[in-house]
Amino acid sequence: MNTATTGLAAGMALGFAGYFGGFWAFLLVLVLGAAGLIVGLAVQGDLDLRTRRHR
């Protein structure tokens, strides 16, 4: 799945959550989607979390 398709799916999910569930559902889907993106990038190897740590 390419970037445009992924963005379209995420936008549609946020739109449905906002329309049917209101602001809090929109916010929950946004936060969980961002967390899933970070975990997915880390598992895939595109995001190195070790370099993000502060001492």
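In this structure, Val43 belongs to a hydrophobic cluster whose other members, linked by side-chain heavy atoms under 4.5 Å apart, are Val39.
Listed by chain and number, the residues in a side-chain contact (heavy atoms from CB on, under 4.5 Å) with Leu37 are Leu41 (sequence neighbours excluded).
Phe16 and Leu27 are members of different hydrophobic clusters when ILVMFWY side chains are connected at heavy-atom separations under 4.5 Å.
Minimum interatomic distance between Phe26 and Gly18 (heavy atoms only, all atoms of both residues): CB-CA, 3.8 Å. When every heavy atom of Ala17 is checked against every heavy atom of Val29, the shortest pair comes out as CB-CG2, 3.6 Å.
Among residue pairs with one or both ends in residues 16-44, those qualifying as side chain to side chain donor-acceptor pair (under 3.5 Å) are Gln44-Asp46; sequence neighbours excluded.
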